[in-house]
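One structure is given below, encoded as structure tokens.
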Amino acid sequence: MSRVLNFSAGPAMLPEYVMKKAAAEMIDWQGSGMSVMEMSHRSREFISIAEKAEADIREIMAIPENYRVLFLQGGASSQFAMVPMNLLRGKGAADYINTGQWSKKAIAEAARFCKVNIAASSESTNFSTIPPRSEWSLNPDAAYVHYTPNETIGGVEFHMVPEVGDVPLVADMSSTILSRPVDVSGYGVIYAGAQKNIGPAGLTIVIVREDLIGEEISGTPAMFSYGTYAKAKSMYNTPPTYSWYMAGLVFEWIKDRGGLKAMEEINKRKADKLYAAIDNSDFYSNPVDPDCRSWMNIPFTLANPDLDTEFLNQAKEAGMVTLKGHRSVGGMRASIYNAMPEEGVDSLIAFMADFEKRNA
Ligand SMILES: *Cc1c(COP(=O)(O)O)cnc(C)c1O
């Protein structure tokens, strides 16, 4: 068996522990005589898998009692609409912070439902910064404040939780959830597509404060109401059972490694050394303000873009793949989520230094 170091932004690498355990249980889950994929979601077996996954994410993230954890489909992109549908609660406006491509998509979708106030934007710096909190113009009557703690494409990350008073704070944590501890009680809603840091694609996790559930706008389809899923324990219809099970294995793996505090230490170390390697060279560069650089997605460019293709080809030969930057940004992007081992980052840094030596 030969595995590559996969720097994909998503779907991304999964921990080897998780895939080995899933492989061992693939055709006969714990003596049930069937695969998790073949189980009724109403079966005792699957309900035990589902409940354990929920208990484990609650434990890892220290999710307070008054929050519900919903296991949905539709990706983070569906949440761009579900958030306004469920959280407007009679109000006509919501605040959005625009820090990049994913913020913009969330904004465009919300504009179908309400007046969107762009309370702050870093577009004038080409999204290489986070607008300082002191410069945000929040609307006290907003239904909620939405932001993107980690912009997966631009590689910009908030390293603090913005203070927004009593207005519920909503976060698209798709590419940073589980990378470090987070104080869930500071949020109204946290949502994330699974395929970056939780598990395989097909599952979307929504963590929502209970008092925000149940006042969706009139005409909201059942499948788009948080209340539907909260009432039915995410089993109103068939949930993405196998992705839910795989996410549960990822939560187990995180627990075994020492939880989010341990993940934070490793992730910070991984990011710090890759940024140091980029900053200490004139051959590579990263455009993002050092105060808001992402720990998960690290874009970098080569001083001579004519070498991009050669860089990617040689990296691939060395067992490192999916380093090509997003089409809107160009250059390279190394996504180094929880499942990317520290040695993987070390290998990338060594390769980059060697490539520079041969081509500078
Ligand atoms: C990947 C990503 C999305 C889109 O997720 P889907 O699950 O494909 O809808 C949205 N927001 C952020 C921050 C992302 O990284």
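We count ligands from 1, going down the list as the structure has it; atoms in each ligand are counted the same way.
- The shortest N/O to N/O separation between Asn150 and ligand 1 does not fall below 3.5 Å.
- Near Thr152, meaning under 4.0 Å from one of its heavy atoms, ligand 1 places the atoms 12 (C), 13 (C), 14 (C), 15 (O).
- Of all the heavy atoms of Lys105, none lies under 4.0 Å from any atom of ligand 1, so neither backbone nor side chain is involved.
- Under a 4.0 Å criterion applied to the non-hydrogen atoms of Gln195, ligand 1 contributes the atoms 5 (O), 6 (P), 7 (O), 8 (O).
- Looking at Ser78 next to ligand 1, no N or O pair under 3.5 Å apart turns up.
- Not a single heavy atom of Ile153 lies less than 4.0 angstrom from ligand 1.
- Atom OG of residue Ser122 and atom CD1 of residue Ile97 lie 10.0 Å apart, to the nearest 0.5 angstrom.
- Counting the atoms of ligand 1 from 1 in the order shown, those under 4.0 Å from a heavy atom of Ser77 are 4 (C), 6 (P), 9 (O).
- Aromatic pair Phe351/Phe311: centroids less than 6.0 angstrom apart.
- Polar contact with ligand 1: absent for Phe80 (N/O pair, distance under 3.5 Å).
- Salt bridge annotation for Lys105-Glu109: absent, with no cationic side-chain nitrogen under 4.0 angstrom from a carboxylate oxygen.
- By the rule that hydrophobic residues join a cluster once side-chain heavy atoms approach within less than 4.5 Å of another member, Met246 and Ile49 end up as members of one cluster.
- Annotation for ligand 1: atoms under 4.0 Å from non-hydrogen atoms of Gly75 are 7 (O), 9 (O).
- When heavy-atom distances to ligand 1 are checked against a 4.0 Å cut-off, Ser174 comes that close only through its side chain, counted from C-beta outward.
- Here Glu151 has no heavy atoms under 4.0 Å from ligand 1, in either its backbone or its side chain.
- Using modelled atom types, one finds no donor on one side chain facing an acceptor on the other under 3.5 Å when comparing Ser128 with Asn126.
- Contact atoms of ligand 1 toward Lys196: 1 (C), 2 (C), 3 (C), 14 (C), 15 (O) (distance under 4.0 Å to a heavy atom of the residue).
- The cationic group of Lys52 does not satisfy the cation-pi geometry with Trp244, failing either the under 6.0 Å distance to the six-membered ring centre or the 45° limit from the ring axis.
- Ion pairing of Glu265 with Lys268 is absent here, as no side-chain N (NZ or NE/NH1/NH2) approaches a carboxylate O to less than 4.0 Å.
- Met340 has its side chain within reach of Val345: a pair of non-hydrogen atoms, C-beta onward, lies under 4.5 Å apart.
- Between the side chains of Asn297 and Thr152, no donor-acceptor pair of N or O atoms lies under 3.5 Å.
- Neither the backbone nor the side chain of Thr204 comes within 4.0 Å of ligand 1, counting heavy atoms alone.
- Nearest to atom 13 (C) of ligand 1 by heavy atom, out of Thr99, Asp172, Asn197, is Asp172.
- Remark: minimum distance from atom 5 (O) of ligand 1 to any protein heavy atom is reached at Ala76 CB, 3.6 Å.
- The CG atom of Leu5 sits 5.5 Å away from the OG atom of Ser347 when rounded to the nearest 0.5 Å.
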